[in-house]
Amino acid sequence: MASATASISSHPAALRDVKAAARIGAVRQKVAVTPSAVAARGQRARAVRPLRAAEPGRQPVSASAASAAPVAPVADEVAAPVAAVDYEALAHELEGASPLEIMDRALAMFGSEIAIAFSGAEDVALIEYAKLTGRPFRVFSLDTGRLNPETYQFFDQVEKHYGIRIEYMFPDAGEVQELVRTKGLFSFYEDGHQECCRVRKVRPLRRALKGLRAWITGQRKDQSPGTRASIPIVQVDPSFEGLDGGAGSLIKWNPVANVDGKDIWTFLRTMDVPVNTLHAQGYVSIGCEPCTRPVLPGQHEREGRWWWEDAKAKECGLHKGNIEKDGQAAAPKSANGNGSAGAPDIFESPAVVSLTRTGIENLLRLENRAEPWLVVLYAPWCPFCQAMEASYVQLAEKLAGSGVKVAKFRADGEQKPFAQAELQLQSFPTVLLFPSRTARPIKYPSEKRDVDSLLAFVNSLR
């Protein structure tokens, strides 16, 4: 541990967690838990499924047990009184806590009635944090039947590394059969991913959570700034029900909500945690094989998911209670009159012309332009637009004085129907070149948004 501490001295978040682990007295590979200690932590009127933690002298339960019905109530158990918890106040209290401290609090409060949701990506950090607390813990995962082979191999590696059995949840075979026979294997490319995700992910998750009182997720605010920017550390789950049923019966913990992705990777490397080999191939956010691809230079991590859909559709429904939607709060119009402005404007540079609706309509009408125009259709809240801001501004500066005008048009809000009908907008960002002698704009066809790729597109059509 001394060498690990020395290697991360330049990373305060990781160092703080190692020190916190030492305070908790939990940097251990195995933890002996006596039956009396487990019972004392909170007897319940209802028994729950066995733990999946690595415990000496205890055989792991097979993965098939994950889909079994909860064990019947134990007659001689006496329900201990549970004090009411103000989870909003608790979230505020833990706002500055490290992920390890948050994980320790969650496991201490719920014992065997809480489990980690593991997707097979960098959220393996949650399992490492749980191990460092020294407490028993459970892990479950959703096997959709469409995962990458590398993800299945990673599941096996994680089980062996931590000495655990992941509790796999599977979709209902009848529902999958009906969906595929009715609409085919790849219907999500045509009518959106929500229906497939509902069958393969959301409903199996709902069944899994019905056997718990709390769950732990790897959601981070920086994963999708447009939809996950307000994730609390802990909350009453607004979408799913727990063991007792009804609203308020399930608690949701997000220990890494305030952690940047780069800090997660610093922690994983420091602790020598196994990772999915897809990450080395350019995959950042990993889901089902048909709906996940590597991200390219200048792209946000979520752009590798459901890339054919609008930026705000890049959620599968597992965390719908944390998604921020348009229209939740009124916002003033932006300077160019292009609708609500909840986020600061982007592509701000003297080299980038900001077009109004009238300006781009005039540009669209011209058949013989004096010079070509490159225009990005964007929304400032879109993480994929934010990711390409630096490269687009750099391109504009390179093209300054070359005879090519570089501009931007905010195409969300009230301008979106117009942009979809007249400017070929399908998702943000969309880049158009208005040639000097051609009326119809030409849409940039590639997902590569680095300076060289954009410049090659412009030069090939000037």
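- Annotation: the span from F154 atom CZ to I286 atom CD1 amounts to 8.0 Å, rounded to 0.5 Å.
- Y168 has its ring centre no less than 6.0 Å from the ring centre of Y152.
- Checked for salt-bridge contact, K408 and E348 meet the test: a charged N lies under 4.0 Å from a carboxylate O.
- A distance-only check finds no donor-acceptor pair linking the side chain of D104 to the backbone of L100 [under 3.5 Å].
- Panel note: side chain Y392, backbone V376; a donor-acceptor pair is recorded below 3.5 Å.
- A side-chain contact (heavy atoms from CB on, under 4.5 Å) with Y444 is found for one member of T430, L374, L454 and no other, namely L454.
- Within the 4.5 Å cutoff, the side chain of K252 has heavy atoms near those of the Q219 side chain.
- Not one N or O on the side chain of S453 forms a donor-acceptor pair closer than 3.5 Å with the backbone of K448.
- E167 CD to L142 CG: the interatomic distance, rounded to the nearest 0.5 Å, is 12.0 Å.
- Remark: the Q394 side chain and the S391 side chain contain no N/O donor-acceptor pair separated by less than 3.5 Å.
- For the atom pair CD (Q386) and CZ (F347), the distance works out to 9.0 Å, reported to the nearest 0.5 Å.
- Salt bridge absent: R203 and D172 never bring a charged side-chain N and a carboxylate O closer than 4.0 Å.
- If you check the side chains of N276 and T151, you find a donor sitting under 3.5 Å from an acceptor.
- Side chains of D263 and T266: a donor-acceptor N/O pair is absent below 3.5 angstrom, by distance only.
- From F118, atom CZ reaches atom CD of E159 across 9.5 Å, with rounding to the nearest 0.5 Å.
- To the nearest 0.5 Å, atoms CG (D143) and CZ (R200) are separated by 10.0 Å.
- Aromatic ring centres of Y378 and F409 lie farther apart than the 6.0 Å criterion allows.
- A salt bridge links K131 with E128; the closest basic N to acidic carboxylate O contact falls under 4.0 Å.
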